[in-house]
Amino acid sequence: MLSDRYNPNEVEDRIYSLWESNGHFKAEDLSRKPPFCIILPPPNVTGFLHMGHALDHTIQDLLIRWKRMSGFNALWLPGTDHAGIATQNIVERELKKEGVTRHELGREKFVEKIWEWKHQYGDRIVTQMRRLGDSCDWDRQTFTLDPGVSTAVRKVFVSLYEKGWIYRGKRLVNWSGPLETAISDLEVEHKQIKGTLYHIVYPLDDGSGSLVVATTRPETLLGDTAVCVHPDDDRYRHLIGKFVKLPLTNRLIPIIGDTYVDKEFGSGVVKITPAHDFNDYKIGTKHNLEFINILTKRAEINENGGPYKGLKVQEARKRVVEDLKNLNLLVKEEPHIHSVGHCSRSGAAVEPFLSEQWFVKTEQLSTPAKRVVESGTIRFEPESWTKVYLHWMNIIEDWCISRQLWWGHRIPAWYCDSCDHITVSETDPGACGKCGKKTIKQDEDVLDTWFSSALWPFSTMGWPNETETQKTFYPTTYLVTGHDIIFFWVARMIMMGLEFKRDVPFRTVYIHGLVRDSQGRKMSKSLGNSVDPVEMIEKFGADALRFNFLAHLYSGKDFKFSETRIEGYRNFMNKIWNATRFALGNLQDFQAPAEGLKALPIKKNLSTFDEWIVFKLAAVEKKVEDSLESEHFSEAAQALYSFIWHEFCDWYIELTKPILAGPKTEERAATQLVLAHVLNRVVRLLHPFCPFITEEIYQKLPMHGQACIIDQYPTVRNDREFLAFGSAQAAFEIDLIKEVLTSVRNIRGENRISPAQKINLRLGVVDEKVQKIPSANRSSLISLGRVDNLFIGEEGSLSKCAVTLVSVGESQVKVIIPLEGLVDFDEEIKRIAKQVEKLQKDISMLHNKLSNEKFVANADEDVVAADRILLEQSRQQLTSLQDALLRLK
RNA sequence: AGGGAGUUAGCUCAGUUGGUAGAGCGCCACCCUUACAAGGUGGAUGUCGCAGGUUCGAAUCCUGUACUCCCUACCA
């Protein structure tokens with residue numbers, strides 16, 4: 001016997017083990033089935049599952065399970081990412097607690113520590129993924145530092161290097177002081193900062209006066225190598241070519257002219273610090289200025305800063321300002337809001353820093369990557385990301401791929417002490433490729449994490465070896481991810497896939513929004529507003545969490561998280577559970593016919609209810625299929641929700657209760673068969689959305705295969721034999737009965753007639769066409785309407801009666817309930833008055849519309865016809881209500 | 001500054017070729033009716049941001065405008 005509440009905690013682990021131990025997640029490298037493949041965006045190996053993952057994974061698992069059940073060779077390829085900066089950062093912080101720095105520990109020992117950390121926490125996230133129900137093919141799980149991936153990384157590096165598309169150069173890069181590494185443009189977050197604009201006097205060398213320069217970063221003047229004015233600026237034009245004496249250092253630097261300067265801003269004079277500002281860098285290059293680096297890797301002033309050496313940037317700023325004040329060279333300080341780049345990992349302000357780095361040239365790689373999106377070979381969903389992607393690819397700059405970290409793929413380049421040659425090689429060379437001497441040293445840096453991620457669609461499939469996996473599954477079908485990593489990851493996978501596999505890595509990029517808190521804010525540690533998905537799973541079950549996402553996922557939009565909504569879907573799961581309980585209780589003596597449906601003379605024994613629910617089921621299956629095909633997942637989820645709750649539970653189960661509770665007739669056997677079939681199909685339809693409860697239920701159903709997860713996904717094409725039992729005429733009949741019952745309940749509710757109080761009901765059948773329907777459904781009307789005596793076709797006296805005219809399609813039925821002795825009539829008068837008012841509004845609106853010649857002439861015929869019928873029906877309703885009102889008063 | 005998205009019920013959001021506005025939650029009333037009180041039945045609630053335009057007809061198409069959010073780039 002099933003408990004009257006569904007308890008996910010008892011079910012989920014057991015069901016997951018059942019799937020896994022039976023190998024249901026496994027895809028086949030060689031198969032006759034059509035392939036369907038999604039590669040999982042690899043989460044940080046030492047991370048934990050957050051809501052963003054939960055959303056992302058739920059969508060992928062939906063697709064995978066749906067396709068798996070639809071006969072595809074479905075592969076969801078999982079993996080984890082070494083996440084260079086993030087992981088190194090965490091371990092470094094842990095070490096700090098023990099009072100050790102990574103430098104003290106040394107590279108080898110430190111990397112060992114990280115591996116230990118990885119072994120300790122590396123399983124956490126995959127365990128959490130299992131709790132969500134992710135049906136990944138775990139045998140294929142890959143880590144970005146696995147030997148196979150390393151081979152791929154080196155091969156790609158060497159190949160691009162040999163083509164000249166990877167180069168080494170001294171460039172200004174974004175530098176994170178705390179992490180002591182370069183970071184990419186994309187890892188910089190701009191924040192609005194309240195700063196100060198300092199106006200500093202730069203005396204002219206010839207003593208003829210001075211210039212005033214405005215800056216927010218006075219300490220960088222130590223690295224100034226020019227001041228710049230606009231060549232058309234009358235105030236300063238004559239000074240171009242002269243020199244100023246740089247305060248605090250007394251270095252002479254030239255005054256140059258460049259249109260880059262905005263005459264209107266500040267004093268119209270800009271100090272140029274080519275080694276510490278991106279704009280100044282460009283000017284410095286253009287005007288051939290000296291590049292003076294004043295910082296160390298830890299963002300402290302170096303020996304070029306003279307007396308300020310050793311100070312951190314902020315301290316140096318204070319000291320410089322103080323010293324300028326003392327020299328009377330600081331003429332003004334004003335508050336100034338400007339945006340400053342911050343390292344997205346450490347949170348520290350980013351310092352533009354001149355250093356030797358490795359770059360990927362993106363010019364040639366980006367061209368085909370644009371083309372495949374323009375041509376539609378790769379499709380973005382929602383489509384609006386196409387424009388964003390193309391825009392970004394047009395302004396793409398070379399990609400700085402070296403990081404001054406220890407955790408990651410070490411750059412496969414060796415420098416020769418003897419001849420300065422750089423040897424780049426897939427295998428450790430042992431000797432210089434040019435002079436052959438063994439005096440070589442490997443580059444200390446590692447590659448940007450995204451470099452290995454960019455190869456993920458094929459490095460996980462055994463590339464550079466030729467494998468059956470690649471033949472079968474490359475290109476993959478979908479890539480599902482948030483819009484925050486389109487450029488970090490998606491664009492780079494496209495470039496690398498095209499370059500090394502000569503084909504796109506995936507066909508469709510499904511972009512979903514970010515999960516935000518209930519107030520629409522980003523979930524973040526610092527705000528303390530993160531919600532742990534595992535906690536939600538423990539509280540409401542994985543299925544409720546998943547359904548919550550799927551039912552409210554609208555193309556590309558951000559997702560506002562709401563716990564009460566999950567609770568609502570938990571209730572839905574319970575509803576399904578209890579419907580099953582009811583069904584099983586009524587199917588105890590049910591034997592599935594071994595011969596199938598044909599063997600039974602079932603058709604003639606079916607009730608109208610059966611024909612109706614099958615008809616509705618077919619409609620839902622069609623809707624679900626169309627919605628899933630077009631990636632409107634929430635439409636599919638909502639269609640199922642509404643069918644199960646509001647058709648199957650609210651009506652079908654209620655309507656068939658008398659049959660099922662009745663004698664063992666052939667009609668009852670037929671209804672049992674339909675009940676069993678519908679439930680079975682519903683469970684399978686729901687499976688990709690809420691896999692745990694559906695598998696648990698499926699295993700208990702009278703007709704079931706090995707496992708729901710690998711049973712066939714119902715569509716209108718499958719099982720035509722069963723769906724053919726559906727009948728539109730039955731649907732019409734039941735709709736009419738539903739309407740009649742609803743109006744009876746409305747009259748009862750509005751008049752506050754207690755459910756325990758039986759009533760008499762008269763149905764005036766206005767329309768010949770529907771004459772037989774009420775009498776055919778007499779028992780349903782009596783039981784669900786809580787009716788004492790039911791009279792059909794006899795209008796009789798309307799005195800002291802509640803009356804409603806019910807319309808379904810073009811047919812009408814008059815619902816009459818004598819109120820004498822039950823209630824006083826005040827409530828009924830109110831109820832009718834309310835309806836009269838609404839009807840009058842409708843009628844006048846419809847009347848105006850239909851008397852408009854242009855409307856009648858221009859609108860579609862069926863629109864006009866429908867309005868005519870509606871007007872006529874409304875008028876009849878109004879008449880009978882007014883009539884009833886008279887008889888009440 | 002440039003690009004993108006949004007503004008519909010108290011809240012979160014649907015609304016796919018223009019044809020009298022929908023769901024879930026919440027709210028109100030009544031019900032422990034033998035699957036489910038995590039339930040049942042009924043009910044209330046919207047100038048569809050604002051202003052124009054096209055049209056017989058606009059939440060839907062066009063123009064303008066206000067506000068919100070995101071992304072990219074930034075003035076030293």
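Bear in mind that the values here come from a model prediction, so they are computed numbers and not experimental data. Residue numbering restarts at 1 for every chain, and letters A, B, ... go by the order of the sequence lines. What's counted below: heavy atoms across the whole structure, side chains too, no hydrogens, waters or symmetry copies.
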Taking protein heavy atoms under 4.0 Å as touching, what does nucleotides 1-10 of chain B look like 5' to 3' if B marks base contact, S marks sugar-phosphate-only contact and - marks none? ---S------
Can you give one letter per nucleotide of nucleotides 17-24 of chain B, 5' to 3': B if a protein heavy atom sits under 4.0 Å from the base, S if only from the sugar-phosphate, - if neither? --BB---S
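Partners of A:Glu383 according to the salt bridge (charged side-chain N to carboxylate O under 4.0 Å, His left out) rule, which considers only residues two or more places apart in sequence or in another chain, do not exist here. Considering only residues two or more places apart in sequence or on other chains, A:Glu219 meets the side-chain hydrogen bond (donor to acceptor under 3.5 Å, both in side chains) condition with A:Arg217, A:Arg317. In this view, A:Lys387 satisfies the salt bridge (charged side-chain N to carboxylate O under 4.0 Å, His left out) rule with no residue, not counting sequence neighbours. For A:Glu381, the side-chain hydrogen bond (donor to acceptor under 3.5 Å, both in side chains) partners at least two apart in sequence or on another chain are A:Ser555. Residues passing the salt bridge (charged side-chain N to carboxylate O under 4.0 Å, His left out) test with A:Lys758: none are found, sequence neighbours excluded.
Contact check, A:Arg5 against B:rA38: a side-chain N or O comes under 4.0 Å of OP1 or OP2. Checking the phosphate oxygens (OP1, OP2) of B:rG39, a side-chain nitrogen or oxygen of A:Asn571 falls inside 4.0 Å. A:Trp645 has a side-chain polar atom (N or O) that falls below the 4.0 Å cut-off from OP1 or OP2 of B:rG40.
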Acceptor/donor pairs from residues 635-644 of chain A side chains to any protein atom, 3.5 angstrom cut, sequence neighbours excluded:
from     : atom 1 : to       : atom 2 : distance (Å)
A:Glu635 : OE1    : A:Lys623 : NZ     : 3.2
A:Gln638 : NE2    : A:Ala551 : O      : 2.8
A:Gln638 : NE2    : A:Tyr554 : OH     : 2.7

Identify all side-chain donor-acceptor contacts of residues 857-870 of chain A below 3.5 Å with residues at least two apart in sequence or on another chain.
from     : atom 1 : to       : atom 2 : distance (Å)
A:Asn858 : ND2    : A:Lys854 : O      : 3.1
A:Asp867 : OD2    : A:Lys849 : NZ     : 3.2

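A:Asn574 comes within contact range of at least one nucleobase, with a heavy-atom separation under 4.0 Å. Within 4.0 Å of A:Arg752, counting heavy atoms only, lie sugar-phosphate atoms of the nucleic acid but no base atom.
Here, B:rA23 and B:rU63 have their C1' atoms 33 Å apart, quoted to the whole Å. Across the C1' atoms, B:rC32 and B:rU20 are found 41 Å apart, a figure rounded to whole Å. Taking atom P in both B:rG43 and B:rG22, one finds a spacing of 14 Å when rounded to whole Å. Between the C1' atoms of B:rA44 and B:rA59, the separation comes to 23 Å (whole Å). Nucleotides B:rC70 and B:rA51, compared at atom P, are 28 Å apart to the nearest Å. Comparing the same atom, P, in B:rC62 and in B:rA5 gives a spacing of 12 Å after rounding to whole Å. Distance noted for atom P between B:rC48 and B:rU60: 10 Å (whole Å). When the C1' atom is compared between B:rC11 and B:rC27, the two are found 12 Å apart, to the nearest whole Å.
A donor-acceptor pair shorter than 3.5 Å cannot be found between the side chains of A:Lys560 and A:Ser562.
Each of B:rA76, B:rG42, B:rC70 was ranked by its minimum atom distance to the side chain of A:Val270; first place goes to B:rA76. Comparing atom distances between the A:Lys834 side chain and each of B:rA14, B:rA29, B:rA44 picks out B:rA44 as nearest. Closest contact between the side chain of A:His632 and the listed nucleotides B:rC25, B:rG43, B:rU16 involves B:rU16.
A ring-centre distance under 6.0 Å is not found for A:Trp385 and A:Phe380. If you look at A:Phe689 and A:Tyr569, their ring centroids are not closer than 6.0 Å.
Taking a cutoff of 4.0 Å between a charged side-chain nitrogen and a carboxylate oxygen, A:Lys738 and A:Glu647 qualify as a salt bridge. Classification of A:Arg831 and A:Glu828 as a salt-bridged pair holds, one side-chain N sitting under 4.0 Å from a carboxylate O. The residues A:Glu625 and A:Lys622 are annotated as not salt-bridged, no charged nitrogen and carboxylate oxygen being separated by less than 4.0 angstrom. Under a 4.0 Å N-O distance rule, the pair A:Asp826/A:Lys830 does not qualify as a salt bridge.
Between A:His230 atom NE2 and B:rA76 atom C1' the separation is 14 Å, expressed in whole Å. A straight line from CD of A:Glu383 to P of B:rU16 spans 17 Å, rounded to a whole angstrom. Atom-to-atom, OH of A:Tyr389 to C1' of B:rU72 comes out at 17 Å; the value is rounded to the nearest Å. Computed from coordinates, the A:Lys560 NZ to B:rC69 P distance equals 11 Å when rounded to whole Å. Across the protein-nucleic acid pair, A:Gln757 atom CD and B:rU41 atom P stand 21 Å apart, rounded to whole Å. Separating the CZ atom of A:Phe559 from the C1' atom of B:rC70 is a distance of 18 Å, rounded to the nearest angstrom. Going from atom CD1 of A:Ile396 over to atom P of B:rA73 covers 12 Å, rounded to whole Å. Between A:Arg217 atom CZ and B:rC74 atom P the separation is 14 Å, expressed in whole Å.
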Pair assignment for RNA chain B - dot-bracket with | for other-strand partners, Watson-Crick or G-U under 3.5 Å: (((((((..((((.....[..)))).(((((.......))))).....(((((..]....))))))))))))....
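Annotation: salt bridge (Lys or Arg N to Asp or Glu O under 4.0 Å) contacts involving residues 538-548 of chain A, sequence neighbours excluded, comprise A:Asp61-A:Arg546, A:Arg131-A:Glu538, A:Lys539-A:Glu563.
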Quick one: which protein N/O atoms are closer than 3.5 Å to N/O atoms of nucleotides 33-35 of chain B? Pair and distance per line, please.
from   : atom 1 : to       : atom 2 : distance (Å)
B:rA35 : OP1    : A:Lys657 : NZ     : 3.2
B:rA35 : O3'    : A:Arg581 : NH2    : 3.1
B:rA35 : O2'    : A:Asn578 : OD1    : 2.6
B:rA35 : O2'    : A:Arg581 : NE     : 3.3
B:rA35 : O2'    : A:Arg581 : NH2    : 2.6
B:rA35 : N6     : A:Cys649 : O      : 3.3
B:rA35 : N6     : A:Glu654 : OE2    : 3.2
B:rA35 : N3     : A:Asn578 : O      : 3.1
B:rA35 : N3     : A:Ala579 : N      : 3.3

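The distance from atom CG of A:Leu324 to atom OH of A:Tyr198, rounded to the nearest 0.5 Å, is 10.0 Å.
Looking at which nucleotide of RNA chain B each of A:Arg745 and A:Ser562 is closest to, the 5′-most match is held by A:Ser562.
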